[in-house]
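Report on the structure given below.
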Amino acid sequence: MGSRRQALKITLQGIQQINLRFCPFDRYAGTWEVREYYNKVTSETVKKSNPACKVNMDVLHDESEPVISILYSDSEEKTYHPRTMSLSNIMRDIHKTTRHKLAETGIPGSQILRTLHKLAETGIPGSQILRTLHKLAEMGIPVDYGVVHRY
């Protein structure tokens, strides 16, 4: 049996702006990665995670290197070069950085409560809510386990 890889959940939470740049006539690798990433971050589901996030696509005609640039809410910018990194590695790094930044700022705390209320309204058992809290704690997000007793 082969091992199953868990797909990363793409979120724009904690991201202020995404700038994508590529030349469609580029003879080298990297343009597919930029296009594919654009398709992923502009999907309706992902856009709902942060409607304020701007996604800019620059299509150039100068055979310049393709670039994926992420501007986080704390004004830090990270640039990725798809010629030297695979799309899965780029997405993994963005995901890891975003999780770390959200955990540092403590922003998700109120969102955790809203999520728990929604879960409880849908009839999801407390044990599932508890598992969700464990996952959040593993990501470094401060969690109040006393919340579960309310449901």
Side-chain angles (χ1 to χ4, degrees), residues 3-26 28-120 122 124 128-148:
S3 66
R4 288 188 172 181
R5 298 183 77 183
Q6 186 177 5
L8 289 178
K9 182 179 183 236
I10 300 172
T11 180
L12 300 178
Q13 200 174 22
I15 298 176
Q16 184 177 343
Q17 187 172 347
I18 299 173
N19 296 309
L20 307 167
R21 184 179 71 213
F22 78 101
C23 173
F25 307 109
D26 186 16
Y28 304 102
T31 58
W32 177 86
E33 285 82 354
V34 174
R35 289 179 188 202
E36 187 64 23
Y37 188 69
Y38 176 79
N39 289 334
K40 290 179 185 299
V41 298
T42 57
S43 75
E44 245 181 79
T45 308
V46 173
K47 284 296 281 182
K48 284 180 185 176
S49 67
N50 182 4
C53 178
K54 296 177 187 170
V55 179
N56 302 315
M57 170 74 88
D58 290 329
V59 180
L60 307 170
H61 302 287
D62 58 359
E63 294 191 24
S64 60
E65 180 180 4
V67 172
I68 297 173
S69 180
I70 309 295
L71 178 63
Y72 293 96
S73 298
D74 65 356
S75 299
E76 180 187 344
E77 188 170 3
K78 271 187 126 175
T79 302
Y80 301 93
H81 302 277
R83 283 188 187 166
T84 58
M85 286 180 82
S86 69
L87 181 58
S88 61
N89 285 341
I90 291 170
M91 289 176 59
R92 193 173 300 116
D93 189 68
I94 292 169
H95 181 74
K96 186 174 115 180
T97 304
T98 303
R99 276 186 22 207
H100 180 71
K101 287 183 177 296
L102 289 173
E104 277 181 351
T105 60
I107 291 172
S110 61
Q111 292 172 342
I112 290 171
L113 286 175
R114 282 195 296 272
T115 303
L116 288 173
H117 288 293
K118 287 179 185 176
L119 289 172
T122 61
I124 292 176
Q128 268 188 303
I129 294 172
L130 191 58
R131 280 194 295 274
T132 303
L133 287 173
H134 284 306
K135 286 181 183 179
L136 291 169
E138 288 173 1
M139 293 185 329
I141 297 171
V143 172
D144 175 14
Y145 286 100
V147 175
V148 178

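Because the structure is a prediction, the values reported are computed rather than measured.
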Can you give me the closest heavy-atom contact between [X] and [Y], atom names plus distance?
{"X": "G14", "Y": "N50", "answer": "N-ND2, 4.3 Å"}
{"X": "P82", "Y": "P66", "answer": "CD-O, 3.2 Å"}
{"X": "S64", "Y": "D62", "answer": "OG-OD1, 2.9 Å"}

**Report entry** Test item: T31 side-chain N/O and P24 main-chain N/O as donor-acceptor pair under 3.5 Å
**Finding:** no
Requested in this report: Mark yes or no for whether N56, through its side chain, and Q17, through its backbone, hold a donor-acceptor pair below 3.5 Å.
Outcome: no
Test item: [X] and [Y] side chains (from C-beta on) under 4.5 Å apart, heavy atoms:
{"X": "D93", "Y": "N89", "value": "no"}
{"X": "W32", "Y": "L87", "value": "yes"}
{"X": "S69", "Y": "E77", "value": "yes"}
{"X": "I94", "Y": "Y72", "value": "yes"}
{"X": "Y80", "Y": "V67", "value": "no"}
{"X": "N19", "Y": "D58", "value": "no"}

Requested in this report: Among I18, V55, T42, find the one that has a side chain to side chain contact (heavy atoms under 4.5 Å, CB included) with Y37.
Outcome: I18
Query raised in the report: Applying the side chain to side chain contact (heavy atoms under 4.5 Å, CB included) test to S88, which of M85, M91, R92 qualifies?
Result: R92
With rounding to the nearest 0.5 Å, note down the distance linking [atom1] in [X] to [atom2] in [Y].
{"X": "T11", "Y": "H95", "atom1": "OG1", "atom2": "NE2", "answer": "9.0 Å"}
{"X": "M57", "Y": "R35", "atom1": "CE", "atom2": "CZ", "answer": "8.0 Å"}
{"X": "E36", "Y": "K40", "atom1": "CD", "atom2": "NZ", "answer": "4.5 Å"}
{"X": "F22", "Y": "I68", "atom1": "CZ", "atom2": "CD1", "answer": "11.0 Å"}
{"X": "T84", "Y": "E65", "atom1": "OG1", "atom2": "CD", "answer": "7.0 Å"}
{"X": "I15", "Y": "T98", "atom1": "CD1", "atom2": "OG1", "answer": "4.0 Å"}

Query raised in the report: Quick one: side chain to side chain donor-acceptor pair (under 3.5 Å) partners of S43, sequence neighbours excluded?
Result: none
Query raised in the report: With a cut-off of 6.0 Å (strictly less than), are more than 12 heavy atoms of other residues, nucleotides or ligands near NZ of K78?
Result: yes
Report task. Assess whether atom NZ of K47 is packed by more than 12 heavy atoms of other residues, nucleotides or ligands within 6.0 Å. Result -> yes
